[in-house]
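These numbers come from the heavy atoms of this one structure, side chains and all, not from hydrogens, waters or symmetry mates.
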Amino acid sequence: MSTPEIQWYPGHIAKAEKALVDQLSRVDVVLEVRDARIPVSTRHPKVDVWVGDKPRVLVINRVDMISTEARTAWETWFRQQGEVPYFTDGQQGTGVKAIAKAAQTAGEAVNQRRQARGMKPRPIRAVVIGFPNVGKSALINRLLNRKVVASARRAGITRQLRWIRLSGDLDLLDAPGVIPSRMDDQAAALKLAICDDIGEASYDTQRTAAAFLDVLKGLQQNNSPDDYQAILQARYGLALDDGTGEDFVAQVAEQKFQGNIERTAKRILNDFRIGLLGQWVLEWPPT
C-alpha cells in the first residue's frame with residue numbers, strides 16, 4: 001500500500017505565521033517546543049531564520065511519553081550540538097519552572113542594556129513556537145498555574161496570537177502551531193501524522209497506521225532498545241515480524257474488529273498516542 005503525500009497548510013496557520021513573523025521584532029527570547037517522540041521531525045526548517053540572534057530555549061515536551069534511556073540519549077546528543085534541552089511534561093507540569101527561569105535568564109541582557117541607557121527595566125518578552133499539538137498551550141497554562149489558553153490533544157486549537165502576563169518579569173506570546181507551507185520531508189510528515197501533530201485531514205488513517213508499524217520494524221532492525229514485539233504480541237496477538245504493517249493491521253482487524261480496518265487503524269494509532277503501547281520514540285539521535 002503506497003502512502004499518499006501528506007500536505008497540510010490551513011488558512012489560519014498561514015495567517016498565524018505572518019502575524020508571528022511581524023511580532024518577532026518585539027520578542028526578546030524564543031521558546032521552541034518540540035515533541036519528545038520526534039524531536040527532529042518537529043523542528044521547523046525556518047526556525048533559525050525566525051530566531052536570528054535572539055536567545056532560544058529548546059523545550060522537549062511530552063517527556064513522560066519516552067523512556068529514560070531515550071531522554072538520556074537525546075540530552076547527550078543535543079548538548080554535543082551545543083544546545084541545552086529542557087525536558088517537560090506540560091500536562092503534569094514537570095520541568096516547567098525551569099523554562100520560565102531559563103527565559104528570564106536568557107533575556108537579562110535586554111534590561112542590562114536598558115539600565116546602561118538610564119531606562120527602567122521591563123518584563124522579558126518570550127514567544128512560544130512549535131508545530132501544532134506539541135503541547136505549547138498546556139505548557140503556558142502550567143506556567144501560569146491556571147487555564148488561560150485552550151488546550152486539547154489535537155492540532156489547530158490555538159488560532160490567534162495572544163500576549164499573556166506570566167509575572168511582573170515575563171510576558172509570553174502564545175502562537176498557533178506553525179508548519180511548513182510544503183512538507184518536502186515526507187518521512188517527517190508521516191511521523192507528524194503518527195504522533196497526531198498535524199491535522200487529520202492531511203493523512204489517511206489506515207495507511208498511517210500501517211506505516212507506523214513499518215517504522216517500528218525499521219527501528220527494531222536498527223537495534224532500538226524498545227521492546228515492540230512483546231507489547232504488540234500481548235495487545236493484538238500478533239508478532240511484528242509476521243508481515244508488513246499493512247498485513248498487521250488487516251490481521252488485527254480480522255481477528256478483533258470484525259474486519260473493520262479503519263476502526264483497527266484508529267485503535268492502533270490511538271494506543272500509541274496515549275501511551276498504551278509503552279514509552280516509545282520514533283526517532284533516536286543521529287549517529
Residues in salt bridge (Lys or Arg N to Asp or Glu O under 4.0 Å) with D184, at least two apart? R182
List the residues meeting salt bridge (Lys or Arg N to Asp or Glu O under 4.0 Å) with K18, not counting sequence neighbours, and say none if there are none. D22
For atom CD of E262, is the number of surrounding heavy atoms from other residues, nucleotides or ligands below 6.0 Å larger than 12? yes
Any chance CD of Q115 has more than 12 other-residue heavy atoms, nucleotides or ligands included, within less than 6.0 Å? no
Which residues pass the side-chain contact (heavy atoms from CB on, under 4.5 Å) test with A102, sequence neighbours left out? V57, Y86
side-chain contact (heavy atoms from CB on, under 4.5 Å) with A187: which residues, sequence neighbours excluded? D185
Report the C-alpha separation of L173 and V128 in whole Å, then their side-chain angles, then the decisive distance to 0.1 Å, and conclude whether the side chain to side chain contact (heavy atoms under 4.5 Å, CB included) test is met. CA-CA 6 Å; L173 178 59; V128 184; over 6 Å; no
Exam field: side chain [X] to backbone [Y], donor-acceptor pair closer than 3.5 Å:
| X | Y | answer |
| --- | --- | --- |
| K191 | D197 | no |
| K54 | L24 | yes |
| K46 | P180 | no |
| N260 | R263 | yes |
| S224 | D226 | yes |
| E75 | P85 | no |
| R273 | C195 | no |
| Q279 | G275 | no |
| N222 | G218 | yes |

Could you grab the distance from atom [atom1] of [X] to atom [atom2] of [Y], nearest 0.5 Å is fine?
| X | Y | atom1 | atom2 | answer |
| --- | --- | --- | --- | --- |
| Y203 | L190 | OH | CG | 10.5 Å |
| D204 | E200 | CG | CD | 12.0 Å |
| N133 | I179 | CG | CD1 | 10.5 Å |
| I194 | W280 | CD1 | CH2 | 12.0 Å |

Are D64 and Q92 linked by a side-chain donor-acceptor pair shorter than 3.5 Å? no
Between N270 and L276, is a side chain to side chain contact (heavy atoms under 4.5 Å, CB included) present by the stated rule, with each step listed? CA-CA 8 Å; N270 192 59; L276 289 180; over 6 Å; no
Give me the one residue out of D171, L172, V127 that meets side chain to side chain contact (heavy atoms under 4.5 Å, CB included) with W163. D171
Please work out whether the ring planes of F212 and F272 are parallel, tilted or perpendicular, with thresholds of 30° and 60°. tilted
Do you know which two heavy atoms are closest between [X] and [Y], and how far apart they sit?
| X | Y | value |
| --- | --- | --- |
| L161 | P176 | CD1-CD, 3.6 Å |
| G243 | K217 | O-NZ, 3.3 Å |
| A70 | V281 | CB-CG1, 3.7 Å |
| A265 | Q206 | CB-CA, 3.7 Å |

Any pair counted as side-chain hydrogen bond (donor to acceptor under 3.5 Å, both in side chains), so long as it reaches residues 24-45, sequence neighbours left out: Q23-R26, D28-R122, E32-R34, E32-R56, D35-R37, D35-R62, S41-E283, R43-D48
Give the intermediate values and the outcome of salt bridge (Lys or Arg N to Asp or Glu O under 4.0 Å) for residues D271 and R235. CA-CA 10 Å; D271 284 352; R235 187 156 187 83; 2.7 Å; yes
Among residues at least two apart in sequence or on other chains, which ones pass ring-ring contact (aromatic ring centres under 6.0 Å, His included) with F78? W74
Output, in order, the C-alpha distance, side-chain angles, deciding distance and verdict of side chain to side chain contact (heavy atoms under 4.5 Å, CB included) for K120 and N111. CA-CA 8 Å; K120 292 182 179 180; N111 281 324; over 6 Å; no
Could you walk me through whether F248 and Y236 satisfy the side chain to side chain contact (heavy atoms under 4.5 Å, CB included) test, starting with their C-alpha distance in whole Å, then the side-chain angles of each, then the deciding distance to 0.1 Å, before giving a yes or no? CA-CA 9 Å; F248 190 101; Y236 306 117; 3.9 Å; yes
With a 4.5 Å cut-off on side-chain heavy atoms, are I99 and T88 touching? yes
Got P132 and I198 here, is their nearest side-chain heavy-atom distance under 4.5 Å? no
